[in-house]
Protein chains: 2
Amino acid sequence: MTDQRAFFDLLDIMENEKLVEAKRFFALMRSTFSIANLLYADIDVLATGFAFHRLHHTFSGCAIRTYLDEGFQRIDPVLRLTMGGIRPVDWATARELHPESEPLFSAAMRLGLGVDGVTLPLATPTRRLAFLAIHADVAAGEWPAYRRNHLRDFQLLANLFHASVLENDNRIELSQHAAKTLTHRETEVLGWTAAGKSYWEIGTILGISERTVRFFMTNARRKLNVVSNTQAVAQAVRRDLIQTF
Amino acid sequence: MTDQRAFFDLLDIMENEKLVEAKRFFALMRSTFSIANLLYADIDVLATGFAFHRLHHTFSGCAIRTYLDEGFQRIDPVLRLTMGGIRPVDWATARELHPESEPLFSAAMRLGLGVDGVTLPLATPTRRLAFLAIHADVAAGEWPAYRRNHLRDFQLLANLFHASVLENDNRIELSQHAAKTLTHRETEVLGWTAAGKSYWEIGTILGISERTVRFFMTNARRKLNVVSNTQAVAQAVRRDLIQTF
DNA sequence: ATCGTAACTGTCGGTAGTGACAGGTTTCGA
DNA sequence: TCGAAACCTGTCACTACCGACAGTTACGAT
């Protein structure tokens with residue numbers, strides 16, 4: 001059994017550090033667990049073919065090239081199961097369920113890669129596909145027990161790493177737009193407007209006159225530099241200035 | 001420290017059984033960990049107000065009623081953080097970050113509820129908001145250590161329960177069918193409206209009559225189930241149906 | 001061949017939003 | 001104590017929105 005302390009040290013890092021580089025995360029994972037390879041991918045499923053939003057991995061260039069050249073993504077049962085679900089996908093299970101994927105696993109063997117591993121689907125804010133694939137380095141037959149012991153560690157750490165990556169994406173986007181500060185009331189009336197309420201209704205809800213609601217909305221429009229309430233709400237929602245329910 | 005065996009027994013159930021009812025999952029969680037209350041929610045963020053796709057919880061009816069009656073969802077910092085992220089949200093941290101949410105926590109205290117807990121965001125196939133809130137039952141000051149020890153267990157079990165719910169949810173198919181897709185023109189006029197253009201301006205831009213612009217907007221409002229252009233734009237921006245430059 | 005869907009247009013009448021006019025109180029830091 | 005900023009209110013005139021009425025045309029699928 002892996003040292004518990006190593007896990008908790010890694011957990012502290014993942015919880016407290018704002019940005020953990022993939023390279024560092026992979027190194028820490030490998031020193032904490034018996035891991036052969038890791039692959040983190042964030043794929044745009046709308047684009048034709050394989051459009052990687054992000055791809056970090058520890059596999060050899062040869063292995064990745066073989067995978068893509070052979071078009072294994074088309075038969076990869078792990079990928080298919082990952083795409084459709086929430087549960088961790090065990091490679092062995094996927095292999096059994098889809099015998100037609102044998103060429104993929106044969107190729108993995110040929111390249112000296114084991115087939116013990118698990119892929120964790122990760123939540124994405126938009127319609128993308130993200131996952132962390134974990135390729136274990138354990139003796140024959142030990143994988144089931146190993147997986148059972150560490151699945152919870154993998155699931156939590158994968159989520160935290162994924163969060164770190166996404167938060168860093170957002171940070172870049174948010175820093176581009178200097179957020180003008182709206183007052184509390186301005187935020188409130190914007191929120192109710194986004195919910196489809198009229199000036200009169202908002203005035204009633206907030207216990208102020210309709211005229212005052214208009215006053216706040218006018219100020220909000222001016223601050224956001226827009227010409228209509230609708231445009232103001234569009235900006236506010238996009239900049240996350242108001243919560244929409 | 002909680003018995004490790006109990007966790008692994010629960011893990012076996014969650015991994016091997018096709019459907020685990022919320023009631024049973026909650027009972028198992030409570031017998032395995034020191035948990036006061038659990039709340040699992042799957043919320044349709046497209047609808048106006050609070051549309052629960054699913055809601056299972058062990059809180060008292062009074063507590064839930066208070067929460068909704070007081071409109072605490074509007075100030076709940078946990079909800080806001082859950083919505084925007086992947087990381088587990090610690091209630092204490094959320095409380096510190098958002099002092100304006102004090103009424104919520106005061107109310108919780110008044111109702112005899114502790115404020116030690118964590119909420120785990122869960123992946124959803126569409127743009128819904130799902131999470132498992134875990135309200136711990138631990139002695140004062142023990143929460144941080146308890147959380148640290150069990151976060152990985154919670155994260156994995158929450159994901160597996162969520163997967164079980166989604167896999168057995170035939171309503172997902174229905175909602176995807178019911179989720180009406182906007183036509184090209186509807187998307188276009190929504191986009192221009194979000195940019196602050198009037199009907200007349202959009203008509204000129206697109207080379208169609210003002211009346212036709214209104215026609216598309218009316219259809220878009222109906223499909224999005226909203227009452228105003230502003231609300232429609234708020235929904236569309238949030239759902240990523242239109243891009244706002 | 002009919003049905004559904006998308007794209008398109010006109011008119012009427014009521015309601016809601018918008019700008020510009022002109023005020024007010026309270027609170028908090030310089 | 002002064003000023004800035006948030007909060008609040010009233011009226012007038014104009015424009016934009018929005019629902020309900022009633023249509024046409026084009027295209028692809030059962």
Side-chain angles (χ1 to χ4, degrees), chain A residues 178-237 241-242 244, chain B residues 47-48 74-75 98-103 174 176-237 239 241-242 244:
Chain A
K180 283 221 178 122
T181 50
L182 297 176
T183 69
H184 179 242
R185 282 305 210 191
E186 285 156 9
T187 308
E188 254 180 338
V189 297
L190 263 179
W192 285 113
T193 303
K197 303 299 181 189
S198 69
Y199 284 156
W200 184 88
E201 289 173 310
I202 298 170
T204 306
I205 290 165
L206 298 180
I208 54 181
S209 76
E210 184 183 332
R211 174 65 188 89
T212 306
V213 177
R214 281 177 47 203
F215 173 75
F216 290 134
M217 276 302 295
T218 305
N219 288 340
R221 277 198 306 273
R222 190 178 29 75
K223 284 186 182 177
L224 294 171
N225 196 29
V226 298
V227 299
S228 74
N229 287 354
T230 302
Q231 195 183 2
V233 163
Q235 293 294 320
V237 171
L241 302 176
I242 57 174
T244 16
Chain B
T48 1
R74 296 194 157 274
I75 61 163
H98 297 270
E100 77 277 10
S101 64
E102 217 30 54
L174 295 175
Q176 275 175 355
H177 273 286
K180 300 185 177 97
T181 48
L182 298 176
T183 68
H184 179 243
R185 282 305 210 190
E186 285 156 8
T187 308
E188 251 178 342
V189 297
L190 262 179
W192 284 112
T193 303
K197 303 299 181 189
S198 69
Y199 284 156
W200 182 87
E201 289 173 309
I202 298 169
T204 306
I205 290 165
L206 298 179
I208 55 181
S209 75
E210 184 184 334
R211 175 63 189 87
T212 305
V213 177
R214 278 179 51 207
F215 173 75
F216 290 135
M217 277 303 295
T218 304
N219 288 339
R221 277 198 307 275
R222 188 176 31 74
K223 285 184 181 177
L224 294 171
N225 195 31
V226 298
V227 301
S228 72
N229 286 354
T230 303
Q231 196 184 1
V233 163
Q235 296 291 328
V237 171
R239 289 168 67 171
L241 301 176
I242 58 177
T244 47

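Quick note on labels: first sequence line is chain A, next is B, and so on, each numbered from 1. Keep in mind it's a predicted model, so treat the numbers as computed, not measured. Just the heavy atoms: all of them, side chains too, but no hydrogens, waters or symmetry mates, feed the values below.
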Taking only N and O in the side chain of A:T183, is any of them less than 4.0 Å away from OP1 or OP2 of D:dA5?
no
Which nucleotide wins on minimum distance to the side chain of B:F216, given the candidates D:dC7, C:dA7, D:dC17?
C:dA7
Taking all non-hydrogen atoms of both residues into account, name the closest pair between A:L241 and A:L224 and its distance.
CD1-CD2, 3.9 Å
Does A:V227 offer a backbone N or O that forms a donor-acceptor pair with the side chain of A:Q231 under 3.5 Å?
yes
Rounded to the nearest angstrom, tell me the gap between atom CZ in A:R222 and atom P in C:dG19.
11 Å
Nucleotide nearest B:R211 when distance is taken to its side chain, options D:dA6, D:dA20, C:dA7:
D:dA20
Quick one: does A:Y199's side chain get under 4.5 Å of A:N229's, heavy atoms only?
yes
Distance, rounded to the nearest Å, where B:W200 contributes CH2 and D:dT15 contributes C1':
13 Å
Separation of A:I202 atom CD1 from C:dT18 atom C1', in whole Å?
14 Å
Please state how far atom CG in B:N219 lies from atom P in C:dA6, giving the value in whole angstrom units.
9 Å
So which atom in B:A234 and which in A:V237 form the shortest heavy-atom distance, rounded to 0.1 Å?
O-CG1, 3.9 Å
Need one value for A:R185: base, sugar-phosphate or nothing, where a base atom within 4.0 Å counts as base even if backbone is also close, heavy atoms only.
sugar-phosphate
I want to check something: taking the side chain as every heavy atom from C-beta on, are A:R185 and A:I208 in contact at a cut-off of under 4.5 Å?
yes
Given D:dC8, D:dC18, C:dC8, the nucleotide with the shortest approach to the side chain of B:S228:
D:dC18
Side-chain N or O of A:S209 less than 4.0 angstrom from OP1 or OP2 on D:dG10?
yes
Provide, to the nearest angstrom, the distance between the NZ atom belonging to B:K223 and the P atom belonging to C:dA7.
8 Å
Calculate the interatomic distance between A:N229 atom CG and D:dC18 atom P; express it in whole Å.
11 Å
CZ of B:F215 versus C1' of D:dC21: gap in Å, rounded?
14 Å
Do any side-chain nitrogens or oxygens of A:Y199 fall under 4.0 Å of OP1 or OP2 in C:dT18?
yes
Kindly indicate whether the side chain of B:R214 and the base of C:dG10 share any N or O donor-acceptor pair separated by less than 3.5 Å?
no
Please tell me which of the listed nucleotides, D:dT9, C:dG17, C:dT18, lies nearest to the side chain of A:R221?
C:dT18
From the set C:dA7, D:dG19, D:dA6, return the single nucleotide nearest to any side-chain atom of B:T218.
D:dG19
What is the distance, rounded to the nearest whole Å, between atom CG of A:L224 and atom P of C:dT18?
13 Å
For A:K197 and for B:I208, find the nucleotide of DNA chain C with the closest heavy atom, then tell me which residue's nucleotide is more 5'.
B:I208
